[in-house]
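Right, one structure below, let's go through it.
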2 protein chains.
Amino acid sequence: MATIQDVAKKAGLSRTTVSRVINEHPYVTEEKKRLVTQAMQELNYVPNSSARRLRRQQTETIAVYVPRITNPFFSHLVEVMEKEAAKKGYQLILCQTRYKKEQERNFLELLKTKQVDGLILTSIENDWSEFEPYLSFGPIVVCNEYSDSAQVPSVYLNQIEGSYLGTKHLIDQGYTKIGYCTGNHKSSRVSKDRKIGFLQALDEAGIMMKEEWFFYNAYSVQDGFAAFKKLSELDDKPQAVFTGSDEVAAGIAKAAFDAGWKVPEDIAIIGFDNQPLAALMDLTTVEQPIDTIAKQAMNLMVEAIQAKKPLSRKEVILPFQLIKRSST
Amino acid sequence: MATIQDVAKKAGLSRTTVSRVINEHPYVTEEKKRLVTQAMQELNYVPNSSARRLRRQQTETIAVYVPRITNPFFSHLVEVMEKEAAKKGYQLILCQTRYKKEQERNFLELLKTKQVDGLILTSIENDWSEFEPYLSFGPIVVCNEYSDSAQVPSVYLNQIEGSYLGTKHLIDQGYTKIGYCTGNHKSSRVSKDRKIGFLQALDEAGIMMKEEWFFYNAYSVQDGFAAFKKLSELDDKPQAVFTGSDEVAAGIAKAAFDAGWKVPEDIAIIGFDNQPLAALMDLTTVEQPIDTIAKQAMNLMVEAIQAKKPLSRKEVILPFQLIKRSST
DNA sequence: TTGTAGGCGTTATCAC
DNA sequence: GTGATAACGCCTACAA
């Protein structure tokens, strides 16, 4: 491995000058610049990034927290973030928290030990107070999730509006008996807000909700199957279901189909996210602008790192869109 | 930021002793160990990883190449790899090549500049000769893909066997007019082998293939739509289709359904991968043991890094499994 | 069992 | 314009 010293020797110059050329500093003659470049090429020299990191006290690396990368919502988010980061010369370290508080806390060491310049959280398991102390080690940006107490920027969607939009659509189609099938992290404001928006739409339309039409802890296709089973055994069945994800919606649709039900005649279903899956299953869904979320979050992060200023609380709220298909 | 020096001063000891405690070296009295631990806690000290990297000449980080993380096959692979890596104390850097040669080459700098200890390739765009020179900078492991000339370990599946298995299944069901709808990277041995296995199964059964029943460049759901369109316009239509991915199979199934065709009566379809999507659409499919591939590849990599020995060519070939559902 | 000192490869600060 | 020189924070011969 050639070092900067070797290059200097070969070019008959000092390390300083070589370093200047590498980092495109001014005050170097064209002549010497050429000499250095040539020496670098001959030695097949590349700057050692560990040394650079130590010297510059920064890593050009950003950690991204996701629960699981196989969840299409998060893989989409990460895909866009990686592209955006690469464009600006940053790498991404992938941290899968697996919805576990402890995992999430473990990864915080990355920031503390200076392995990354900053953290982007796309989901939050722990209380914000767990993150707070780490702010002194580098910037943190929250996206998708949000927390009232987080003293950092959050890029997110107004989930009240999103579920309101979806529910309103069902109501406009004439349904009055509407089920609600979502995950239900009690701690998560996303869950809370979705429910608020849902109830608000019902309320405005003067529609009643029954306790037995709430189905919780639904995250996956499998959960959708289970929810349909419960739903289909009710005496008084809902005519439509609002769901918290396209997977759940797809699961319900599939189970309904297998049971000989027709969608939307026997049961209308609305998904959330607008994943490719939704198009495939012809599901009406509430689209989240994932690309925009990812880009904005990454931009905020890179700005923060480069400005070397601590970030303050700030909310970037993006709009939803309803994608109408044949499941409603 | 406290350094090892600060801790030493506070504990009234030398840097060496502190370092010994941190790295769990022998020959330190319990007494001093306690002193050091306490000082570390009081100062909220954490070793700086950039300095460690420089000193130890290793990064505890591994780069994983994928075309796109949103492709479920690859996100599954990465999910398992990240878990496995974390278990062994390694981080993962995500490199999306976007199926582009240049992107792929760019990321090679990571190895050269010592930002990662090794590279795992899950897809290969460039000729192996592009990678070869980088072997002197660290280990490379290939998985999923394989190349005859690669002088490193490859963990992969015998794709001839996989497509043979799927095709044989179709033949056993009584279909004699079978279409073939896959991607077709000419350079990729995966494509070539799949085709060999397909033709072999036909050949053994004495079945004829028509040129017009080959549909290439099919990777996505959208491509499945397009393939179905072409297929449905043929005078002599195949009764069954072998596909190279569940997405394509799903696309065909959806398009067929929309056109009023029945699956498998009017057209039988077999997918590849056994993604969640396949279960949802009730697709028969050839399952690839992704977990095993990922784990084996990661283990090979970590062993190579720790042994500090260059890797040699080696093939780990894993078996397929047929998952039978209602699309055939 | 503990401490001293040098160096990993860069870059920033001064002099010249 | 260019070149010494001193850090960045850690680990590890070697010495004591």
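In what follows, chains are A, B, ... by sequence order, proteins preceding strands, each numbered from 1.
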* To do: For the residue pair A:Q103 and A:Q96, establish whether any side-chain heavy-atom pair is separated by less than 4.5 Å.
  => no
* Asked: Is any side-chain N of the basic residue among B:K32 and B:E30 closer than 4.0 Å to the acidic one's carboxylate O?
  -> no
* Asked: Side-chain contact, heavy-atom cut-off 4.5 Å: A:L121 with A:F131?
  -> yes
* **B:E30 CD to C:dT1 P, straight-line distance once rounded to whole Å** => 11 Å
* Sort out for me which residue in A:Y65, A:Y134, A:F107, A:F137 forms a side chain to side chain contact (heavy atoms under 4.5 Å, CB included) with A:L119. => A:Y65
* For A:D117 and A:E60, indicate whether the former's side chain and the latter's backbone hold a donor-acceptor pair under 3.5 Å. => yes
* Are side-chain heavy atoms of B:K114 and A:M1 found at a separation under 4.5 Å? -> yes
* To do: Figure out the CD/P separation between A:E24 and D:dG1, and round it to whole Å.
  => 18 Å
Could you write out each protein N or O paired with an N or O of nucleotides 9-13 of chain C at a distance under 3.5 Å?
| unit_1 | atom_1 | unit_2 | atom_2 | d |
| --- | --- | --- | --- | --- |
| C:dT10 | OP1 | A:Y45 | OH | 2.6 |
| C:dT10 | OP1 | A:N48 | N | 3.1 |
| C:dT10 | OP2 | A:I4 | N | 2.6 |
| C:dT10 | O5' | A:Y45 | OH | 3.4 |
| C:dT10 | O4 | A:R15 | NH1 | 3.1 |
| C:dT11 | OP1 | A:N23 | OD1 | 3.4 |
| C:dT11 | OP1 | A:N23 | ND2 | 3.4 |
| C:dT11 | OP1 | A:R52 | NE | 2.8 |
| C:dT11 | OP1 | A:R52 | NH2 | 3.4 |
| C:dT11 | OP2 | A:S19 | OG | 3.1 |
| C:dT11 | OP2 | A:N23 | ND2 | 3.3 |
| C:dT11 | O2 | A:R55 | NH1 | 2.3 |
| C:dA12 | O4' | A:R55 | NH2 | 3.2 |

* Asked: So what is the end-to-end bend of the helix from C:dT1-D:dA16 to C:dC16-D:dG1, with 5 pairs used at each end and the value given to 10 degrees?
  -> 40°
* To do: Quick one: sort the A:Y219 and A:Y99 rings into parallel, tilted or perpendicular, breaks at 30° and 60°.
  => tilted
* Between B:K32 and C:dT1, is there a side-chain N or O to OP1/OP2 distance below 4.0 Å? -> no
* To do: Can you tell me the distance, in whole Å, between the OH atom of A:Y27 and the C1' atom of D:dG3?
  => 17 Å
* Check whether any side-chain heavy atom of B:N299 lies under 4.5 Å from a side-chain heavy atom of B:E84, and answer yes or no. => yes
